[in-house]
Amino acid sequence: AVLGGSVRGNIQIDGRRTDAPTVRLQADAQGLDLPKLAAAAGVTREIRGGKVRANIDISGRGTTPHRVASTMSGTMVVVSGPATLARATTQGESAASQVAGALDPFRTVDAATELRCAVVRLPLANGVARVDRSIAIETGKIDASASGTLDFRDETLDLSVQPQVRAGIQFDVSQLAGLVRIRGRFDKPAVAIDAAQSAQLIAKLGVLGAKGG
């Protein structure tokens, strides 16, 4: 029992190669509390509700956790159900806060964000996860997905996030980014806006508005 839910798993270690033992981890988590997970990740935003399930099946070689992570292959899947995220007054400094902020352009405007679903699926090969829209979030106002890489060898990420506002939602187009780039170290990523893509999107929306679309 952990974090309001449960985890079952097993770990196998083959130590016949003492310089690089093989490690395999399989785990299945159910009913974990999203607020507790977020707090552990450094997210200070108030969260109400949200249950998380996860499935991990990875293997790697090495004598330290970092070495195992830098060689691991397999799959990690994490799925969160519905939750309410209170208004964010400031942008947090943690990696999780930076990514969450990039995915939620209404975070400092609305009283709360209604999270419908969030999914993270990492297909790993030799310490690198190549993501093709398998990190995604759905709220009452936006959908967003990410593509790019997470490199556990040097603990860096490079993700492009594409937010899409749901039909019928009223918003200030100047506040919407067409493309958000998240890159850098896991513990301190940099979040930047692709100005060219955002300008193109704002211009496109302006034309649609003029035509009544």
Side-chain angles (χ1 to χ4, degrees), residues 1-45 47 49-83 85 92-100 102-103 115 117-138 145-159 161 182-189:
V2 64
L3 296 174
S6 64
V7 177
R8 288 178 174 271
N10 67 75
I11 185 168
Q12 300 173 346
I13 301 175
D14 184 344
R16 286 175 291 183
R17 282 189 55 184
T18 57
D19 60 324
T22 299
V23 180
R24 183 179 183 184
L25 171 66
Q26 295 173 295
D28 181 71
Q30 299 292 332
L32 306 183
D33 286 336
L34 179 59
K36 293 180 180 179
L37 281 173
V43 177
T44 57
R45 188 173 181 180
I47 301 174
K51 289 294 183 179
V52 177
R53 59 184 173 87
N55 184 270
I56 298 172
D57 188 350
I58 56 174
S59 59
R61 287 183 175 273
T63 55
T64 66
H66 174 72
R67 183 58 185 162
V68 173
S70 67
T71 60
M72 65 183 171
S73 297
T75 305
M76 296 184 186
V77 179
V78 181
V79 180
S80 173
L85 286 65
E93 292 298 326
S94 72
S97 291
Q98 293 274 0
V99 175
L103 290 170
L115 175 67
C117 181
V119 179
V120 177
R121 181 180 181 276
L122 302 182
L124 289 149
N126 299 316
V128 180
R130 302 189 185 281
V131 177
D132 183 12
R133 294 173 293 178
S134 61
I135 298 177
I137 187 171
E138 178 183 341
S145 61
S147 298
T149 60
L150 290 90
D151 192 332
F152 290 85
R153 297 171 301 183
D154 57 7
E155 298 184 348
T156 61
L157 75 164
D158 188 349
L159 297 174
V161 181
I182 305 168
R183 61 196 308 184
R185 291 186 55 83
F186 287 169
D187 59 348
K188 190 175 289 187

Inset, instruction - Could you name each residue pair satisfying side-chain hydrogen bond (donor to acceptor under 3.5 Å, both in side chains) that touches residues 65-74, not counting sequence neighbours? - result: His66-Glu155
If you compare all heavy atoms of [X] against all heavy atoms of [Y], which two are closest, and at what distance to 0.1 Å?
X: Gly4; Y: Lys36; answer: N-NZ, 4.0 Å
X: Leu34; Y: Ala83; answer: CD2-CB, 3.9 Å
X: Arg153; Y: Asn126; answer: CD-O, 3.8 Å
X: Leu122; Y: Phe152; answer: CD1-CZ, 4.5 Å
X: Gly15; Y: Pro21; answer: CA-CB, 4.0 Å
X: Pro35; Y: Gly49; answer: CD-O, 3.4 Å

Contact check, side chains of [X] and [Y], non-hydrogen atoms, under 4.5 Å:
X: Lys51; Y: Leu32; value: no
X: Leu157; Y: Thr149; value: no
X: Ser145; Y: Ile135; value: no
X: Leu37; Y: Val52; value: yes
X: Arg53; Y: Val77; value: no
X: Arg17; Y: Arg61; value: yes
X: Asp28; Y: Val7; value: no
X: Leu150; Y: Leu159; value: yes

Legend entry - Thr156-Arg185 side chain donor-acceptor pair, cut-off 3.5 Å: no
Legend entry - Donor-acceptor contact below 3.5 Å, side chain Ser147 vs main chain Arg133: yes
Inset, instruction - Measure from the side-chain N and O atoms of Ser80 to the backbone N and O of Cys117, and report whether any donor-acceptor pair falls under 3.5 Å. - result: no
To the nearest 0.5 angstrom, please state how far the [atom1] atom of [X] sits from the [atom2] atom of [Y].
X: Ile58; Y: Thr75; atom1: CD1; atom2: OG1; answer: 10.0 Å
X: Met76; Y: Asn55; atom1: CE; atom2: CG; answer: 11.0 Å
X: Leu85; Y: Leu115; atom1: CG; atom2: CG; answer: 6.0 Å
X: Asn10; Y: Gln26; atom1: CG; atom2: CD; answer: 5.0 Å
X: Ile13; Y: Thr22; atom1: CD1; atom2: OG1; answer: 10.0 Å
X: Asp19; Y: Thr63; atom1: CG; atom2: OG1; answer: 8.5 Å

